[in-house]
Amino acid sequence: MNANNITRTPCPVCGSDQAEPIAHVDGKTGEPLLTVNCSSCGLGRIDPLPTQPELEAWYTHRYRQDYKQAASPALRHVLRAGRHARDRWAWLQTHFGQGSAQLPASSVTLDVGASSGEFVDLMRQRGMQAHGIEPHAGYASFARETLDLSVEHGALHRVLPGHADQRYDLISMFHVLEHLVDPVETLRLLAQKTSPHGHLLIEVPNATRFCAPSYMFFRAHTLYFTQTSLHQTLQVGGWDVVAHNPADADNLMVLARPAPDRGAHPVPIQCQPDRALIEAQNQRTWPAYLADQLHSGRWLRKLQQRQEEKRTVRGFSSARNLLDALYQDNSLLTLPKGTSPRQQPHRAQTLAALCAGLGLGTSLEF
């Protein structure tokens, strides 16, 4: 297959059936899975894309079990998600203050793909009329019954049209867009449900970030975004980008608002080709990845974070008590900074020896 090959399903953003392969294996299971880069707009996707019913059935019953090994969240996962929610809220406040009106405390908010409800809970504690939609039955039940939140269970395209007269001042989607097969249709539906001065807050994984060669592409993610392809997708879906984080961040964050009505005969949006996904994958080799892990100390910080989470949640009897403590005191339960490997010479010597044994050289600075 080359850049001129025809895919089994067309690109869900630009409609092109021309694509170039990126990977041929599911990085989680090792099973065959073709991931391609659209030759017209640079969107990554698995090919063929699943049908909407297939996708809904899998997320309703299997996704959390298959990839999270849980039907409801453990307490340490609630802590981690709550910290993420607090960070996203801080980012949102900063960028609302740089050109958009502040989000009033009485705003109506909707979190799409609400998981176990941590962001919905934070919005409620900040005075919002906060709601959520979650496709997984177990996680939606946890949000409703354990946290007493307004989180509906079901697929977005089945639940949201039932909110006939409701308009939202803020719709959030964290790590949801990359799981869809119809991003443009979804974004247009969300635009219809947004208030005149409303906004959309989206976060997706950056598919160009450096990682292990087999890590990035797997069945659960149907779509793969760069900053360019994410912005183009939003534009085609009827949104204007207001603010965004750096293009090389591990996760891409975007704040957008509905684009002005382009009339009955809008000018088609011209997408730009982008091979960034292929170039990024070509840079992912095992020697380069191991050298990066040893040099940066990311593996150590991740281990320290997991241990800290386990210690922290021992002091709480329930998810409700944990989130109350986390959200009511900004200084409480802040993730400690990881210990730098540079502060531990004996570890540096060990890692340098390992690098030498792997043929990576000994010139790395730890």
Side-chain angles (χ1 to χ4, degrees), residues 1-23 27 33-50 55 112-113 172-191 200-211 215-259 267-284:
M1 182 173 180
N2 55 47
N4 295 318
N5 277 81
I6 298 175
T7 57
R8 295 172 65 183
T9 50
C11 175
V13 172
C14 71
S16 173
D17 60 2
Q18 305 293 309
E20 190 172 353
I22 309 173
L33 180 73
L34 177 62
T35 305
V36 300
N37 181 78
C38 178
S39 299
S40 297
C41 72
L43 178 72
R45 69 184 190 277
I46 61 174
D47 184 60
L49 287 168
L55 199 68
V112 177
S172 52
M173 294 178 68
F174 304 124
H175 294 255
V176 171
L177 198 63
E178 70 272 16
H179 295 272
L180 305 181
V181 295
D182 53 356
V184 171
E185 180 184 344
T186 298
L187 290 168
R188 288 173 177 167
L189 174 61
L190 296 179
L200 173 67
L201 180 63
I202 281 186
E203 183 179 278
V204 300
N206 184 351
T208 64
R209 73 181 182 89
F210 191 69
C211 61
Y215 178 83
M216 180 57 66
F217 305 108
F218 55 99
R219 178 190 174 196
H221 287 182
T222 52
L223 307 176
Y224 296 90
F225 293 96
T226 66
Q227 188 178 82
T228 297
S229 63
L230 176 59
H231 288 197
Q232 288 182 158
T233 301
L234 284 162
Q235 188 178 14
V236 174
W239 295 84
D240 288 337
V241 173
V242 174
H244 59 82
N245 66 344
D248 61 352
D250 284 352
N251 295 304
L252 300 172
M253 185 85 79
V254 170
L255 180 64
R257 59 189 168 205
V267 177
I269 294 169
Q270 298 298 318
C271 293
Q272 298 299 315
D274 183 4
R275 296 185 77 253
L277 292 180
I278 294 174
E279 293 167 0
Q281 183 63 8
N282 289 339
Q283 297 297 316
R284 295 174 182 134

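The shortest heavy-atom contact between Val13 and Leu43 is CG2-CD2, 3.6 Å. The two residues Phe218 and Tyr215 make their nearest non-hydrogen contact at CD2-O, 3.7 Å. Between Gly237 and Arg188 the shortest heavy-atom distance is O-CG, 3.3 Å. Here the closest heavy-atom approach between residue Gly113 and residue Val176 is recorded as CA-CG2, 3.8 Å. In plain terms, the two heavy atoms of Ala220 and His179 that are nearest each other are O-ND1, 2.8 Å.
The side chain to side chain contact (heavy atoms under 4.5 Å, CB included) check on Glu185 picks up His157, Asp182, with sequence neighbours excluded. In terms of the side chain to side chain donor-acceptor pair (under 3.5 Å) criterion, Arg209 has no residue partners (sequence neighbours excluded). Take Ser16 and apply the side chain to side chain contact (heavy atoms under 4.5 Å, CB included) test, not counting sequence neighbours, and it matches Cys14, Gln18, Cys38, Ser40. For Phe217, the ring-ring contact (aromatic ring centres under 6.0 Å, His included) criterion is met by Tyr224, not counting sequence neighbours. For Asn37, the side chain to side chain donor-acceptor pair (under 3.5 Å) test picks out no residue, with sequence neighbours left out. Residues meeting the side chain to side chain contact (heavy atoms under 4.5 Å, CB included) test with Val241, sequence neighbours left out: His231, Leu234, His244, Val254. Residues passing the side chain to side chain donor-acceptor pair (under 3.5 Å) test with Thr226 are Ser229, Asp274, sequence neighbours excluded. For Asn245, the side chain to side chain contact (heavy atoms under 4.5 Å, CB included) partners two or more places apart in sequence, or in a different chain, are Trp91, Ala249, Leu252, Met253. Taking the ring-ring contact (aromatic ring centres under 6.0 Å, His included) definition, one finds that Phe210 meets it with nothing, sequence neighbours left out. In this structure Thr222 satisfies the side chain to side chain donor-acceptor pair (under 3.5 Å) test with no other residue, sequence neighbours excluded. Partners of Glu203 under the salt bridge (charged side-chain N to carboxylate O under 4.0 Å, His left out) rule, at least two apart in sequence or in another chain, are Arg88.
Judged purely by atom type and a 3.5 angstrom limit, Asp47 uses its side chain to pair as donor or acceptor with the backbone of Thr9. No donor-acceptor pair closer than 3.5 Å links the side chain of Gln235 to the backbone N or O of Ile269. Between the Arg275 side chain and the Ser39 main chain, no donor and acceptor come within less than 3.5 Å of each other. A donor-acceptor pair under 3.5 Å links the side-chain atoms of Asn206 to the main chain of Ala247, judged by distance alone. Panel note: side chain Arg45, backbone Pro12; no donor-acceptor pair is recorded below 3.5 Å.
Atom CG of residue Leu49 and atom CG of residue Leu55 lie 9.0 Å apart, to the nearest 0.5 angstrom. Note that CD of Gln232 is 6.5 Å distant from CD of Gln272, once rounded to the nearest 0.5 Å.
The side-chain heavy atoms of Leu200 and Leu187, taken from C-beta on, include a pair separated by under 4.5 Å. The closest side-chain heavy-atom distance from Met173 to Leu190 is below 4.5 Å. With contacts defined as side-chain heavy-atom distances shorter than 4.5 Å, the pair Thr208/Leu277 qualifies.
No side-chain donor-acceptor contact under 3.5 Å links Thr7 and Asp17.
At most 12 non-hydrogen atoms from other residues, nucleotides or ligands lie less than 6.0 angstrom from CD of Gln283.
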